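Below you'll find the structure, written out as structure tokens, and then a few comments.
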2 protein chains.
Amino acid sequence: MNDVFLADCRARLAFDLMANTWNPVVLWALRDGALRPAELRRRLGGISTKVLTETVRRLEFNGLVSRRDCGRTAKVEYSLTDLGTSLLGPIEAFGEWAFRHGDEVMAAQDRVVGLVSGNEG
Amino acid sequence: MNDVFLADCRARLAFDLMANTWNPVVLWALRDGALRPAELRRRLGGISTKVLTETVRRLEFNGLVSRRDCGRTAKVEYSLTDLGTSLLGPIEAFGEWAFRHGDEVMAAQDRVVGLVSGNEG
DNA sequence: CTGTATCCTTATAGATACTG
DNA sequence: CAGTATCTATAAGGATACAG
């Protein structure tokens, strides 16, 4: 595990799965079991149907989520595959990091803003 | 740690730090100590000077990387702050996941492609 | 309720040339 | 060598209306 993380290596593959707004949050929302789209949307907050569909399609394409169509009408469920479940650990690591260090990030951002406005007076 | 990961919560903050192509790789490349921009570029592969500058500025803004200007001429070093260093653990978790499960992701992608071309014959 | 179709805005990234 | 300036292409995301 040395150059493993550099640009053209395998870790890119995992990073790319995290490199958008909704992928990690959707995976986390499905951690306790299958959800129907409407419920999924509710838990995610302000995601549009279009973006939700795009997101789950993307996750499905990568083998992390499976879509189950139960019946002819609008009854659908999304759930984690085993592969998707295996990603919950790393995702949680980030959540815990944010829990511990989120303040420091916001402080850093404020510091920059403070410098800017501070220079004026 | 229940709704901690949903859209408007703190974990967004950590996810956003990963939600682009270069942030995590740059942090990882700096894990062993300060690097000058040229060396950093070399290790990252195909990143342009423009994108590298944008990336380190972003990381600096969020308090993860510090820029040290040593002298009047073009002598600069980038290194991890303590905060940046604290992110190496979660990042490594993804790297290890990719190491173990990367094949499965690629297999899933191929499976979809296979279905498409398989339907033709 | 599920999903698609538009339209629009913005951020990312890459290529290239140039300045100090 | 470090960084900026353009220009371009693309994808993500959001708003809204509509279809099955």
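The model shown is predicted, which means the values in this text are computed figures rather than measured ones.
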Checklist line | 5'-most by nearest nucleotide on DNA chain D - A:T49 or B:E39 | finding: B:E39

Check: OP1 or OP2 of D:dG13 sitting under 4.0 Å from any side-chain N/O of A:T21?
Finding: yes

Check: Of A:E54 and B:P37, whose nearest nucleotide on DNA chain D comes first from the 5' end?
Finding: B:P37

Note to self: Is B:W22 close enough to C:dG14 that one of its side-chain N or O atoms is under 4.0 Å from OP1 or OP2 there?
What the structure shows: yes

Checklist line | Nearest listed nucleotide, side chain of B:S48, among C:dA15, C:dT12, D:dA2 | finding: C:dA15

Notebook entry, point to check: Pick one: which of B:R41, B:R36, B:R43 meets salt bridge (charged side-chain N to carboxylate O under 4.0 Å, His left out) with B:E39?
Noted result: B:R43

Note to self: Check this one for me: any side-chain N or O of B:R36 less than 4.0 Å away from OP1 or OP2 of D:dA2?
What the structure shows: yes

Item checked: Donor-acceptor pair under 3.5 Å, B:K50 side chain vs C:dG14 base -> yes

Margin query: Can you see if the side chain of A:R67 gets near the phosphate of C:dG3 - specifically, an N or O under 4.0 Å from OP1 or OP2?
Written below: yes

Note to self: From CZ of A:F61 over to P of D:dA11, roughly how many Å is that when rounded to an integer?
What the structure shows: 13 Å

Margin query: Taking B:W28's backbone N and O only, do any of them form a donor-acceptor pair with B:R31's side chain (distance below 3.5 Å, no angle check)?
Written below: yes

Check: Hey, is the side chain of A:R58 poking within less than 4.0 Å of OP1 or OP2 on D:dA12, counting only N and O atoms?
Finding: yes

Notebook entry, point to check: Take atom CZ in A:R57; do more than 12 heavy atoms of anything else shown fall under 6.0 Å from it?
Noted result: yes

Note to self: Are more than 12 heavy atoms, taken from residues, nucleotides or ligands other than B:D82, located less than 6.0 Å from that residue's CG atom?
What the structure shows: no

